Amino acid sequence: MKKYLFLILMTCVPALANAERADYRIIPQPKSVQVDSTNTFTLRPGMSIAYDAGNPEVSRNAQFLRQWVEELTGVKLALAPTDKKAAIRLSIGLAADKKAKKGKKGAELTDQQKEAYTITVNKNGIQIAAREPIGFFRAAQTLRKSLPIIDGKAASIDFPFVSIADEPRFVYRGTHLDCARHFFSVDVIKTFLDVLALHGCNQFHWHFTEDQGWRFEVKALPELAKKGSVREQTVIGRNSGVYDGQRYGGYYTQEQCREIVNYAAERYINVIPEIDLPGHMQGALHVYPNLGCTGGPYPVWQIWGVSRDVLCAGNPETMTFLKTVMGELCEVFPSMYIHIGGDECPKDRWKECPKCQAKAKELGLKNDGKHSIENQLQTWINHEMEKFLAERGRDMIGWDEVLEGGLTDNGIVMSWRGVKGGIEAAKQHHRVIMTPTDYCYIDYYQLKDQWHQPMAIGGYLPLSKVYSFEPLIPDQLSDEEQRFILGPQVNLWTEYVGSPEHVFYMLLPRLDAISEVQWCRSDQKDFDDFKNRLPRMKQLYDRLGVNYCRGVE
Ligand code: ACM
Ligand code: ZN
């Protein structure tokens with residue numbers, strides 16, 4: 001009998017010791033987390049989530065939460081909007097606001113404050129409060145990342161008592177993906193968006209066009225994507241002179257783009273499309289050689305780098321082409337920001353092209369010692385684009401080269417060649433997105449030992465360096481100037497990244513690092529603590545089936 005009792009105890013003890021338990025040490029770290037680990041609330045299968053079913057956005061977020069709990073723990077919860085005894089309750093309105101508003105009119109909220117939420121776990125269950133439905137989404141992601149990851153079904157999950165109050169630091173929290181050098185399917189883009197949403201990222205910068213391929217359907221120009229997306233072959237490695245002999249192509253129909261926009265919006269991500277102009281255009285020139293200064297022919301480029309053949313600034317058909325493209329782009333993408341590229345536009349052809357020079361003369365452009373004629377010609381194009389977009393209620397973003405010919409009235413500068421351009425623009429009271437190569441170019445290697453990693457463009461950008469980025473540059477910008485920095489972004493160029501596995505390898509976990517730069521106050525950041533929180537995120541990536549870099553430097 002004693003022996004049997006012993007055996008029963010021995011089988012029970014591990015089960016008790018291994019009670020499944022939530023852990024709130026997640027990435028990005030919430031603004032404030034106060035845990036009382038001595039007490040727990042136990043969530044069991046069949047318990048319910050209550051919420052305002054009259055609000056479709058709130059309902060969707062409740063469904064996300066239910067889905068994520070089941071995916072990670074096997075615990076099935078019920079959606080029971082009116083259940084007064086529900087274990088998880090979603091309610092609009094923050095307790096802090098109710099207190100503060102007594103007798104006072106509320107001040108205008110910032111966009112970050114609109115994302116705020118609180119999670120309170122006590123003996124009554126899990127209470128989620130948010131100012132707006134987006135806060136429920138953020139809270140659901142926080143709970144998702146706090147869950148234990150179980151093979152099979154957990155009998156229950158213990159949630160330590162906690163009080164979480166959270167909201168992001170920056171209004172703009174971006175990630176870019178180049179889908180022009182290599183094309184990624186709609187399903188891959190959706191997984192990419194899921195991963196961004198997991199990290200609180202709210203802007204997807206979708207790079208559509210390059211010398212090596214045009215990937216956005218324009219209905220008024222049906223040949224553009226059909227022919228401009230296909231290169232006959234691709235150089236192997238770094239412009240080795242050896243080619244793979246394989247046709248390569250792919251583009252996104254407008255219907256697919258709309259599908260992506262909706263999918264992203266359900267995850268509170270805005271999609272910023274980029275048509276890179278007037279350079280990086282050989283994909284389009286292949287179809288419309290009349291738009292180049294020399295008249296072509298121009299094959300869709302098969303090598304990496306930047307073509308010297310760009311749109312002819314002096315040909316009136318160029319502006320018609322750009323307005324047709326941008327007009328359809330604005331119809332498909334509701335984003336308040338539209339990216340016009342503007343980077344790396346060699347001026348060799350413009351200097352020699354009679355049409356470009358005639359246009360410069362007509363515009364009265366003169367070298368003023370600071371801005372060359374050709375740089376000002378590019379600014380003229382930027383101005384036209386800015387006006388065109390403004391008429392459609394959109395703001396123009398350009399890479400920091402848009403500063404070179406004198407900045408347009410309201411252009412937003414994406415500072416990539418260091419932070420210098422961003423500083424200059426902020427000092428001129430222009431809005432800025434910080435994405436300097438040294439901290440934000442995740443097409444660089446992330447480990448020193450390059451031989452045992454998938455190929456990268458070069459450079460070395462370890463996780464610790466991404467994590468150390470401070471986008472406000474406080475030693476060079478005043479408090480007033482810092483207000484023009486919208487936020488940071490990481491960029492993933494794909495010359496050497498051809499598969500989804502490689503995309504996620506480059507992205508993760510460097511996205512974890514930038515997510516803390518984007519979300520957390522600088523005094524909250526601690527790389528050692530961050531590293532301790534990473535293994536659970538990696539467990540989650542394993543469960544989600546997305547690749548990531550195993551090493552940490
Ligand atoms: C860029 O990396 N050419 C913006
Ligand atoms: Zn020209």
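It should be emphasised that the depicted structure is a prediction, and the values quoted were computed from it without experimental measurement. Both counts, for ligands and for their atoms, begin at 1 and track the order of listing.
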**Q** Please confirm whether Phe204 and Phe192 have ring centers closer than 6.0 angstrom.
**A**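 Close enough - the centres of the two rings lie under 6.0 Å apart.
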**Q** Determine whether the side chains of Gln112 and Glu167 contain a donor N or O and an acceptor N or O closer than 3.5 Å.
**A**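 Judged by distance alone, the side chains do not pair up.
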**Q** When you look at Asp194 and Tyr263, which way does the side-chain hydrogen bond (donor to acceptor under 3.5 Å, both in side chains) test go after all the steps?
**A** CA-CA 9 Å; Asp194 283 333; Tyr263 190 88; 2.9 Å; yes
**Q** Decide if the gap between the ring center of Tyr248 and the ring center of Phe183 is smaller than 6.0 angstrom.
**A**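 Between Phe183 and Tyr248, which both carry aromatic rings, the centre distance is not below 6.0 Å.
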**Q** Return the set of protein N, O or S atoms whose distance to the Zn ion (ligand 2) is under 2.8 Å, each given as residue and atom.
**A**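 Atoms qualifying: Cys293 SG, Cys312 SG, Cys353 SG, Cys356 SG.
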**Q** With sequence neighbours excluded, tell me which residues meet side chain to side chain donor-acceptor pair (under 3.5 Å) with Ser229.
**A**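 Checked Ser229 against side chain to side chain donor-acceptor pair (under 3.5 Å); zero matches.
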**Q** Residue by residue, ordered by chain and number, which ones reach under 4.0 Å of ligand 1 with a heavy atom?
**A**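 Residue list for ligand 1: Asp343, Glu344, Trp399, Trp416, Tyr441, Trp493.
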**Q** Measure the spacing between CD of Glu404 and OG1 of Thr379 and express it to the nearest 0.5 Å.
**A**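 So the CD of Glu404 and the OG1 of Thr379 are separated by 8.5 Å.
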**Q** Are Asp368 and Lys370 within salt-bridge range, i.e. N to O under 4.0 Å?
**A**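 Result for this pair is no, no salt bridge flagged.
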**Q** Going by side chain to side chain donor-acceptor pair (under 3.5 Å), name the pairs with one or both residues in residues 274-287, residues two or more places apart or in two chains.
**A**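 Sorted result for residues 274-287: His205-Glu274, His207-Glu274, Glu210-His280, Glu274-Trp399, His280-Asp343, His280-Glu344, Gln282-Ser307.
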**Q** Quick one, Pro273 and Phe208 - any side-chain contact, counting heavy atoms below 4.5 Å?
**A**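 Side-chain contact under 4.5 Å: yes.
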